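These numbers were taken from a predicted model, which means no experiment stands behind them. Below, chain A is the first sequence line, B the second, and so on; all start at residue 1. All heavy atoms count here, side chains included; hydrogens, waters and symmetry mates do not.
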2 protein chains.
Amino acid sequence: MLDNLQKIKIDKPVDKIIGQIKSLISNGEIKPGDKLPSERALADHLGVGRSHVREAILKLEFYGILKTYPQNGTFVSGIGIVALEELISDVLNLEEHDFKSLVETRVLLEKQAAYLAAKRRTSEDIASISNALSAYEKKTKTGQQAVEEDLLFHIKIAEASKNNVLKSLMMIITPDIVKNYINLKVCDDLNFNKTLQEHQAILESIINQDPEAASAAMAIHLKDVSEFSESVKDLQYEMIKK
Amino acid sequence: MLDNLQKIKIDKPVDKIIGQIKSLISNGEIKPGDKLPSERALADHLGVGRSHVREAILKLEFYGILKTYPQNGTFVSGIGIVALEELISDVLNLEEHDFKSLVETRVLLEKQAAYLAAKRRTSEDIASISNALSAYEKKTKTGQQAVEEDLLFHIKIAEASKNNVLKSLMMIITPDIVKNYINLKVCDDLNFNKTLQEHQAILESIINQDPEAASAAMAIHLKDVSEFSESVKDLQYEMIKK
DNA sequence: GGCCAATTATTGGTTGACCAAAAATCATAA
DNA sequence: TTATGATTTTTGGTCAACCAATAATTGGCC
């Protein structure tokens with residue numbers, strides 16, 4: 001009976017405006033590099049409040065599509081019409097990250113982070129990673145969950161990689177991962193001791209400055225959850241999203 | 001004489017507020033999962049307008065750190081204090097992406113995209129990638145730059161990978177890449193015919209469903225720019241940022 | 001005493017007005 | 001005719017007030 005309630009698509013005003021801006025570009029009214037109409041004019045033209053326009057511009061600014069100069073105007077990035085349209089479309093469809101893609105990408109990033117960390121780690125890095133690991137061990141020894149400490153261990157490795165883009169991207173997908181972990185109750189299945197040993201193996205490889213081993217150890221560590229994600233696939237679509 | 005003007009650090013009100021929210025968490029006044037004080041209360045407490053608080057919340061929401069429920073309140077993600085602090089710090093320092101990290105990460109993502117595209121591509125994917133390649137060829141044959149068409153080729157491969165997270169991350173770093181390409185004038189050095197051949201090699205591997213070959217072909221394609229990034233390193237810091 | 005409805009207070013959402021800075025315009029003088 | 005400086009206009013930035021929906025409170029009823 002309630003089945004047909006699932007597909008409600010709330011078109012937030014912001015997304016509508018972003019769509020409108022996109023069509024402005026598609027219709028050739030705005031070319032890459034051009035100045036966008038003033039916020040006022042846009043709000044008037046689209047029949048919405050300026051706040052909405054502002055929010056939309058803000059969002060597109062995060063993704064580098066627009067750039068605002070105070071008291072001057074908002075300008076479109078100069079990367080080309082078609083690419084611009086693709087980018088904007090992507091921003092609009094940003095929510096649909098499925099768990100499988102999420103995990104698949106996480107594995108990729110984490111492996112590379114471990115690889116680079118092994119190559120570039122300083123003694124300070126080793127200290128912080130060790131600290132994170134100790135905190136994790138201490139927490140799990142008392143039987144508690146240690147999601148935070150687990151995360152921190154991985155973050156410290158990302159820092160040791162000396163690649164801030166890699167770290168930023170990991171940060172970006174982390175909340176999604178955590179949300180899915182909680183929803184799918186992945187944590188319950190994990191054996192803390194096993195996780196601890198795997199963490200130690202990763203740390204050891206990083207200490208030994210053995211990139212390949214570090215990457216491999218990270219792959220093993222993430223293998224469980226990776227396989228798990230294969231099995232759930234579309235299960236998440238049946239869950240109630242809050 | 002103008003040297004000391006370089007270090008101007010414009011502390012936008014938004015970043016200040018994000019910092020304040022972070023310290024609220026650090027001081028234990030707000031715990032993960034808690035409800036944030038109302039926008040009004042926050043604005044009053046911090047002595048700023050509500051718009052600024054709103055903008056800060058919006059930004060933190062993009063990164064999954066906060067979640068706003070209309071007419072109810074804004075809640076902090078439940079991932080843990082330390083991890084939360086790390087995440088927020090990262091949001092604040094998000095701008096400092098250096099070119100080397102950018103390229104290094106791009107290579108990683110693109111190689112994986114090509115790998116997965118070769119595994120999962122449909123005939124439709126091949127068609128769109130081919131189209132993008134044709135457009136690139138046509139444009140370069142006339143001697144023009146074809147940055148957009150180049151980008152589009154890579155985007156279509158990302159789409160063929162069927163991993164939307166991977167695609168999103170590539171989209172996120174693309175503007176940064178483009179900006180740096182333009183600033184550092186990488187494009188000028190590239191040989192269009194060589195690029196075209198490399199693109200064709202990638203496409204061929206994807207058509208043949210040979211993931212390893214596709215990944216390798218992409219690596220070769222990106223090798224030039226990768227090496228270039230090694231040589232510039234800190235050169236960018238001397239440039240004027242606009 | 002316990003339950004339910006009307007009321008009140010609080011929340012984020014939305015709007016329009018005002019501000020200062022930058023750009024564009026125009027008038028004036030060389 | 002050109003250069004220059006005052007003036008007007010336009011811009012995004014900021015703010016305070018209002019709106020509708022929700023949650024908390026209160027009062028009355030059973």
Any [X] side-chain N or O less than 4.0 Å from OP1/OP2 of [N]:
{"X": "B:His52", "N": "D:dG13", "answer": "no"}
{"X": "A:Asn72", "N": "C:dA21", "answer": "no"}
{"X": "A:Thr74", "N": "D:dG12", "answer": "yes"}

Electrostatic pair A:Asp44-A:Arg50, nearest N-O below 4.0 angstrom: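 No, this pair does not count.
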salt_bridge(B:Lys162, B:Asp125) N-O dist < 4.0 Å: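 Between B:Asp125 and B:Lys162 there is a salt bridge, with a charged N closer than 4.0 Å to a carboxylate O.
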Sugar-phosphate, base or nothing in reach of B:Ser51, heavy atoms under 4.0 Å: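 Contact class for B:Ser51: base.
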NZ (B:Lys111) with more than 12 external heavy atoms under 6.0 Å: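 Open: at most 12 neighbouring heavy atoms sit under 6.0 Å from NZ of B:Lys111.
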Spacing of CD1 belonging to A:Ile129 relative to CD1 belonging to A:Ile155, to within rounding of 0.5 Å: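 The distance works out to 12.0 Å.
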Reported CG-to-CG distance for the pair B:Leu108 and A:Leu166, which is rounded to 0.5 angstrom: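 One gets 7.0 Å once the value is rounded to the nearest 0.5 Å.
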Please give, in whole Å, the distance from [N] [atom2] to [X] [atom1]?
{"X": "B:Arg50", "N": "C:dA17", "atom1": "CZ", "atom2": "C1'", "answer": "16 Å"}
{"X": "A:Arg54", "N": "D:dC15", "atom1": "CZ", "atom2": "P", "answer": "11 Å"}
{"X": "B:Gln71", "N": "C:dA9", "atom1": "CD", "atom2": "P", "answer": "18 Å"}

Parallel, tilted or perpendicular, as decided by the 30° and 60° cut-offs, for the rings of A:His199 and A:Tyr136: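 Geometry flag for A:His199 against A:Tyr136: tilted rings.
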Nucleic acid contacts - residues 38-49 of chain A versus DNA chain D, non-hydrogen atoms under 4.0 Å: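 Under 4.0 Å from DNA chain D: A:Ser38, A:Glu39, A:Arg40.
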Residue mapping more 5' on DNA chain C - nearest nucleotide basis, B:Gly73 or A:Pro70: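 First, find each residue's nearest nucleotide; the 5'-ward one identifies B:Gly73.
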